[in-house]
Amino acid sequence: MKKYSAFSLLKNALSYHENWQKVWRSPTPKKEYDVIVVGGGGHGLATAYYLAKVHGITNIAVIEKGYLGGGNTARNTTIIRSNYLWDEAAQLYDLSLKLWEGLSQELNYNVMFSQRGVLNLGHNLQDMRDIERRVNANRLNGIDGEVVSPQRIKEIAPLINISRDSRYPILGASWQPRGGTARHDAVAWGYARGADALGVDLIQQTEVTGIRRKDGAVVGVETSNGFIGARKVACVTAGNSGVVAAMAGLRLPVESRPLQALVSEPVKPCLDTVVMSNAVHGYISQSDKGDLVIGAGVDSYNGYGQRGSFHVVEHTIQAICELFPAFSRVRMNRQWGGVVDTCPDACPIISKTSVQGLYFNCGWGTGGFKATPGSGYVFADTVANDRPHPLAAAFNLDRFNSGALIDEHGAAGVAH
Amino acid sequence: MLLIHCPHCREHREEEEFSYGGEAHIVRPLEPEALSDEEWGDYLFFRTNSRGIHHEMWYHAVGCRRYFNATRNTVTYEILETYKTGTQPTITGASA
Amino acid sequence: MSNSIVQESVLYYFHGAFNKSAVPGSLFSDQTDCGLVIKEAPFSAHLNLRGDAADSEFCLAVAKVLNLTLPLVAGTYSRNGNTSIYWLGPSEWLIVEIGGDAAVIEATMRKALQGHISIVDVSGGQTSINMRGSAAATLLKKSSVYDFEAWDSAEPTAGRVVQTTFAKASAVVSNRPDGSYDLVIRRSFADYVAQWLLDAGAEFGCRVEQG
Amino acid sequence: MSRNRLESHTGATLDFTFNGKAYQGIVGDTLASALLANGVDVVGRSFKYARPRGIFGHGAEEPNAIIQLGAGAATIPNLKATQVELYQGLEASSVNGWPSVDFDVMGIIGAFGRLMPPGFYYKTFMYPKKLWMTYEHFIRKAAGLGATPVEADPDSYDKLNQHCDVLVVGAGPAGLVAAREAARTGARVIIADEQSEFGGSLLASKQTIDGRIATDWIASLVAELAAYKNVQLLPRSTVFGYYDHNFLTILERRTDHLALSAPSGTRQRIHRVRAAQVVLATGAFERPLVFAHNDIPGVMLASSVSTYVNRYGVAPGNKLVVFTTNDNAYQTALDWHQTGRQVVAVVDSRTNPSGEIVDAVKALGIEVLVGHGLIEARGKKRVKAALVAPINESGTQVVGAVRYLDSDLIACSGGWSPAIHLSSHTGAKPVWDPNIVGFRPGASKQQERSAGACRGTFDLAGCLAEGASAGAEAAKLSGRGDGGLQFPGFSVEEYSEQPQQALFLVPHTQSTSRAPSQFVDFQLDVSASGIELAVREGFESVEHVKRYTALGFGTDQGKLGNINGMAILANALDQSIAETGTTIFRPSYTPTTFGAIAGRDVNHLFDPERYTAMHRWHQQQGAEFEDVGQWKRPWYFPQSGESLQKAVNREGLAVRNSVGILDASTLGKIDIQGPDAAEFITRMYTNSYLKLAPGKCRYGVMLKEDGMIFDDGVCACLADNHYLMFTTTGGAAGVLAWLELWQQTEWPELQVYFTSVTDHWTTATVTGPNARKVIAKVCNDIELSNEAFGFMDWRDGTVAGVKARIFRISFTGELSYEVNVPAHYGRHIWEALIAAGEEFNITPYGTETMHVLRAEKGFIIVGQDTDGSMTPADMNMDWVVGKNKAFSFIGKRSLQRSDTVRENRKQLVGLKTLKGSDVLPEGAQVVFDAKQKIPMSMQGHVTSSYYSASLGHSIALAVVKGGHSRLGQVVYCPLADGRSIAAEIVSSVFYDPKGERQHV
Ligand SMILES: Cc1cc2nc3c(=O)[nH]c(=O)nc-3n(C[C@H](O)[C@H](O)[C@H](O)COP(=O)(O)OP(=O)(O)OC[C@H]3O[C@@H](n4cnc5c(N)ncnc54)[C@H](O)[C@@H]3O)c2cc1C
Ligand SMILES: NC(=O)c1ccc[n+]([C@@H]2O[C@H](COP(=O)([O-])OP(=O)(O)OC[C@H]3O[C@@H](n4cnc5c(N)ncnc54)[C@H](O)[C@@H]3O)[C@@H](O)[C@H]2O)c1
Ligand SMILES: Cc1cc2nc3c(=O)[nH]c(=O)nc-3n(C[C@H](O)[C@H](O)[C@H](O)COP(=O)(O)O)c2cc1C
Ligand SMILES: [Zn+2]
């Protein structure tokens, strides 16, 4: 892999960019792999990368039915934070955040991780109690964060409306300065390039259609391009996890729902942080290109259509106009949807299954982009060693039977 | 934006009037205490989450306040039929 | 202790606010050519009735007490003088008697009806307002997702009713032979609905009459 | 007269300014036509390289002329000058360019454009690591086009919910005749068009239809449509989204053509349309040709040049070169010729064009260079010359000498791309058609059909015929008419057209990577070499290339660039365009104002404020309010400048020592009737109601099936088979739906009906040692003695002359009477109770005092002390769980799961700070060892915490791991300010532990 740098850019410019190397190969699949990762989203690619990098397993294929990073990785509002309530979640997301902090250098690919801070707004007294609780828990877990006043919020995001006369006035917020955003595509591409360089085969436009088992253990996958053998199969297929699980005769405690987002036309820099509000249902940041990136609440019904209902978008824009009355004259440029895998406790599943050699990493729902590095890291470890990584242990499938859920619903700011 | 035929109101009505009720035809075990934690967990949380034909409950919340069932394609969002609670769908994954 | 008992209609404060000094004049003009005229009905009996529509005895008994037929067709209502009965659901109806006494109706109904039924006085929780004028139909389009125009193409005399969304609240909307509409709205949402109506009606000229 | 305005075109003048300079236009102008009339060449700078850009198109497709309209609160960013109708006093400015568009320092960066190929930022700015945020700061400085206002929007917006039989999108010839055929069947028809006038591309046409000049034909057809009662005409209305089940959204601009801010009424309106059938007649976009420096001002679409000439009377230059791959653009040469200005040449890439129109052009003596390409434009801020050269037949190579054509205007046409956007919104997959060299709409996924140019039919007669049958067919399928046509034929004069050439990248003498930039997506500076580079780097999917290069990401969403880009990509990948496929078009078709999407649901109408019948009284008393769900509840009643704490101390002491009154009307109330009511209620609550007698009440807790507390409240037996259930304020709607769910779907055999009576009843809670005395003053038909009317009883009676129902239930631990009356009497009863209580100094109190009083008693608030992970046992409420109930009530089984029976779960306890004046913050975390290092081992958290005036010290409720067996232990709450407050674990009941006071 040729290293990227300002110097390489200059050098290539002089030769009219005619000599750039391919970011990844387009290999023909081998007959058999040690590990097949199903799903070439951010999490799947990160899993493959860390399997190769940390565990030295390089006979790996990532099988993606569409194009790399084209699922929710391509569709999310890119919010990154680690201020989760429960210890288990907080530790997992903070591992992720720490990995984000060095990811561009690790991958030699600028994922544009921008630590511009995240505000989670509170609009009523219970919101504020929840925020206090969460921020205190974060602090004692070693995660940065503070509870800030409306005046401080206004300093951070000058266009925000902190009037007491609003329908749901802003009473305060949690503020995590280390949070922020990253360039979603770059994350997938950076991991893909890194994995490819370590020998991982990235196989696109190939759909896994079956999981072949023998004597209770997995032996490979059927694909739209034929059978490929594997000793271990690691499924990281987000919204399609239920479908893939069914291929192995399993059911999961996940439901796939539409989640929508939209962007405005690009405007000059006017919002230098990430603002999220669960109570009025909307969240917003501004991309480096200038568009306002806005996310909605999840649609109520199951759906695999990568689109949702207009009234959800209306509701979200109303919330944004409440928070930022000045944005009322800005215009929506594009809207789209993703299919998110929602879990009853709003926490992921990182788990072995009853089938030997078959692993699932899913259930990230509306908020897994921020976890991409950490998720890949602990999942790779789990797959490589056939036992849960300590930070993944709490996220096993068995919790739905025992009742040991990690209920992040209780905590304000759970979404995204 | 779905347009849903309420079998009680006998009209197509807008999605905003309804709320989604989850997968249909999941019967509560008659003797919960007789189940293992696994079996009970399965009833509580594990769903077919089908891609394609899906039987689901809808509540006509801002209408006749009745629950009913729909057979909907979760990819195209086409609603193939709606039918009253307690009755069976005429269209199933097998028949489609 | 006061010995006069004051009743406050659901839109009491709305009527109170209906003085020209408090609010933009255009909304409350006295002009007669307003596109929208809103009027709250006087205190009335509102009762929620539940029972088995397939039970003909039940249906007959209701009809007898109220002296009008129980609507069994979805989305219809019957009216006789001051009393109306609206279909709300397959086993649910709303009885409204303008100026009526809910306690009396409830008592007679309970006497007359057998079996598994429910009758509940909800008079305090809702009110009925009439919306007339050339803009009434447009107002409904602004406020509700239901297709009210479809009623026009049906039999002209049919009394139609629907429970549906009204802005971010809900309402039971029915038509009248004179082309106006009645809305039954909930008390706690009434100020919101009233403000919504004034706002939506502003462009047509809007007048509020006291019932 | 402005210098490019044709003398034949006159009208009332309008004054406007652009970048601070005053100009004049004519009524009917767009900002673009007016600027062109005034000879303004540079209207903006490109996004990445800051290259000077001019007006390129004439409508929704415009990529360059992005402007900021007006200033101040009503300013609008990013409008396309081609879509802004001119009005008197209009002020506009360029969105980029500093210090001015004519001299932009950033333009210097453009000179280094080669250092900024697609994705350059992924490859650099990484080292040193800590500098990224600084780099980003500068990158962001270059972000954005226009600027958002910084004040609230002065305008308002609204919505109409529409239902129709046939929605026709686009009012060009195809759409107009479709609407007419549908209208005459009696169908409810809506026809919407984005432009200010109906007529579509015919507005700029000199053609005749049925012997009439196009504009006259349009006028009479529009008049005919307007006469139909069943037809709504919506000009200035963009159909911006096509959603599931034939739901479409239309943005109608009602006043934007009049002024910056709406002179009256709403500025814009969204029509939310549910259509039975849809006819898409959205036309087609002409495709630019990709040649070197094709972005210099003075390069335009051929049809745009014709439109400016024919429709607006503007000739945007002097010496025109037409560059085309098809017959159609020859019309531009003819149109230009008519203005009296020079047509330098028509450059046709085809080797042997032979159409009638070609002959017509030649007949005028205009030079036609066949088999040629216009390979490069020259000039800086305006085209000065066109470089043309012979090219090979397949259009891949320059095969002869380059010739300079002196010119200042280049009109180019690479064919037409049907506007398939809306059909794509439905998920229909576009189909490549080599005959029209474009994508046609894919097979319908919804009740829609396309007609006219958007379906790839480019001749007018064809458009009319298709439109008519589409209209009739749509009407028929919606249940109107028989599908027959009223106007089957049209007589139209038009040239027959010869096949066009598929040419997407015009060859240059240098290779693509070395030639001057050949722009594909103008707004985002995506060039042909950029696309080839993406392929070279291994991005093969069209979606990857889009995301890597930003092709189609702009505010024009690639209306001009996408097809060329995909074709260039296909070529680089050595595959067909059909194999390469397209990216997806999604809403918005053109950008849609947020304010319009929000509609009226903003400010005070954002969400309903729900009031109780006593709300105005509370307001008059100066209450502060708390939002509880949608309700406004009095939080506390400050007296002359009292702080929250002072008021709460006073209110609480009043209740403990004399009497207080609380508006409890917001509690959810559900009337339950039926022979199986008791059985049903018993299945829903943890405890049993089978033996609850009329006149009695019981407190219950409801679990979700996972065993976690979901709601709580009192349920009263009103009569045999008749109950009244109270729910929490926030839980009311959810509980009713929950009851209905179980009854309707699981136990339909249980005969029970539920009716919400939340709004019907007003509840005034009179509580405190003097409560009985107060009630006695206003009620004399109930025996109030403790023996006759005990705790957890209810009675019917008359209060202050009103029939009332009184419950002796208590959330304060004091003697309490909850007086319920129908809400019409709410204020009456409240004032009567206040008057009656005057001698006892009856004190109204709010939710804050209510919270303190109940915390003193250790009563939980669901949602505050519980969070969806708490069982009754965790709350020390095992007493409320019926152990011997026959039916396995909802949630029961979950209480036996291994994790729910686990020891060391978080359990509700009281916390008493060692220093009584310390009040623990709610949400503080509890640890056992305050000295441990971070990360600390957290053992629970404080759920409720107050200063208790009646106890004289602070109190708190907390959930602590294994708390029930830790009474007496000291725990710590480490605070953000570094302090750590020590507290002892105590019983959660602080006040009157034996519970005697409520029984008196
Ligand atoms: C609108 C929206 C906004 C969001 N906002 C945020 C946010 O702000 N912050 C945040 O942290 N998270 C957010 N999320 C969630 C986040 O996007 C996801 O949790 C995360 O991207 C999941 O990554 P993934 O790699 O697991 O899934 P994906 O990126 O979806 O990857 C799964 C891949 O599996 C492939 N696949 C599926 N089935 C098969 C098969 N049978 N064979 C082969 N391949 C298959 C899919 O094609 C896909 O590429 C948002 C999501 C959405 C939709
Ligand atoms: N000779 C050629 O090569 C050629 C090529 C293309 C078109 N044409 C001519 O153009 C005409 C095409 O007629 P037509 O009726 O199909 O199209 P049209 O271009 O005349 O009309 C389409 C109309 O739809 C409107 N529109 C598009 N999308 C919209 C949306 N989302 N919401 C609201 N309005 C929208 C446009 O503003 C336009 O007014 C014919 O006269 C045809 O001959 C000729
Ligand atoms: C953070 C983010 C920013 C985006 N910005 C833009 C944008 O500026 N312009 C645009 O056209 N699309 C933008 N998109 C949307 C994509 O074009 C696309 O709609 C999305 O990735 C979903 O893919 P699909 O529409 O191909 O299904 C953005 C998407 C994301 C996740
Ligand atoms: Zn219904």
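Proteins get letters first, then strands, A, B, ... in listed order; numbering begins at 1 in each.
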Notebook entry, point to check: Non-hydrogen atoms of chain D under 4.5 Å away: do they reach the side chain of C:Y146, the backbone, both or neither?
Noted result: backbone
Check: If you measure from CD1 on D:I842 to CD1 on D:I661, what distance do you get to the nearest 0.5 Å?
Finding: 4.5 Å
Next item on the list: Side chain from CB out, backbone as N, CA, C, O: work out which of these in C:T127 comes under 4.5 Å of a heavy atom of chain D, or both, or neither.
Entry: neither
Note to self: What residues of residues 612-619 of chain D make heavy-atom contacts with chain C at a cutoff under 4.5 angstrom?
What the structure shows: D:A613, D:R616
Next item on the list: Determine the option with the most heavy-atom pairs under 4.5 angstrom with chain D, choosing from C:K141, C:H116, C:H46, C:R50.
Entry: C:H116
Next item on the list: Evaluate the side-chain proximity of C:L47 to C:E106: yes if any heavy-atom separation is below 4.5 Å, no if none is.
Entry: yes
Next item on the list: Measure centre to centre between the rings of D:F754 and D:F680, then say whether the value is under 6.0 Å.
Entry: yes
Check: Is it the side chain or the backbone of D:E609 that comes within 4.5 Å of chain C heavy atoms, both, or neither?
Finding: backbone
Margin query: Any carboxylate oxygen within less than 4.0 angstrom of a Lys/Arg side-chain nitrogen, looking at D:E839 and D:K777?
Written below: yes
Notebook entry, point to check: Which one of C:S144, C:A169, C:A167 has the most heavy-atom pairs closer than 4.5 Å to chain D?
Noted result: C:S144
Checklist line | Under 4.5 Å from a heavy atom of chain C, the part of D:Q630 involved | finding: side chain
Next item on the list: Check C:L72, C:L66, C:I119 against C:W93 for a side chain to side chain contact (heavy atoms under 4.5 Å, CB included) and give me the one that passes.
Entry: C:L72
Margin query: Heavy-atom cut-off 4.5 Å, strictly under: side chain, backbone, both or neither for D:H722 against chain C?
Written below: side chain
Margin query: How about CD on C:Q114, more than 12 heavy atoms from neighbouring residues, nucleotides or ligands closer than 6.0 Å, or not?
Written below: no
Item checked: Contact winner vs chain C - D:I829, D:T666, D:L160, heavy-atom pairs under 4.5 Å -> D:L160
Note to self: Need one label for D:W631: side chain, backbone, both or neither, based on atoms under 4.5 Å from any heavy atom in chain C.
What the structure shows: side chain
Notebook entry, point to check: Between D:D244 and D:R274, which heavy-atom pair has the shortest distance, and what is it?
Noted result: O-NH1, 3.3 Å
Notebook entry, point to check: Would C:K168 count as a cation-pi partner of C:F189, with NZ or CZ less than 6.0 Å from the six-membered ring centre and within 45° of the ring normal?
Noted result: no
Checklist line | Heavy-atom contact with chain D under 4.5 Å, split by part of C:N48 | finding: side chain
Notebook entry, point to check: So, D:R600 side chain and D:K159 main chain: donor-acceptor pair closer than 3.5 Å or not?
Noted result: no
Margin query: Among D:V802, D:V757, D:V752, which residue has the highest count of heavy-atom pairs closer than 4.5 Å to chain C?
Written below: D:V752
Next item on the list: Evaluate the side-chain proximity of C:I95 to C:M109: yes if any heavy-atom separation is below 4.5 Å, no if none is.
Entry: yes
Next item on the list: Give the intermediate values and the outcome of side-chain hydrogen bond (donor to acceptor under 3.5 Å, both in side chains) for residues D:D759 and C:S188.
Entry: CA-CA 6 Å; D:D759 278 11; C:S188 56; 3.0 Å; yes
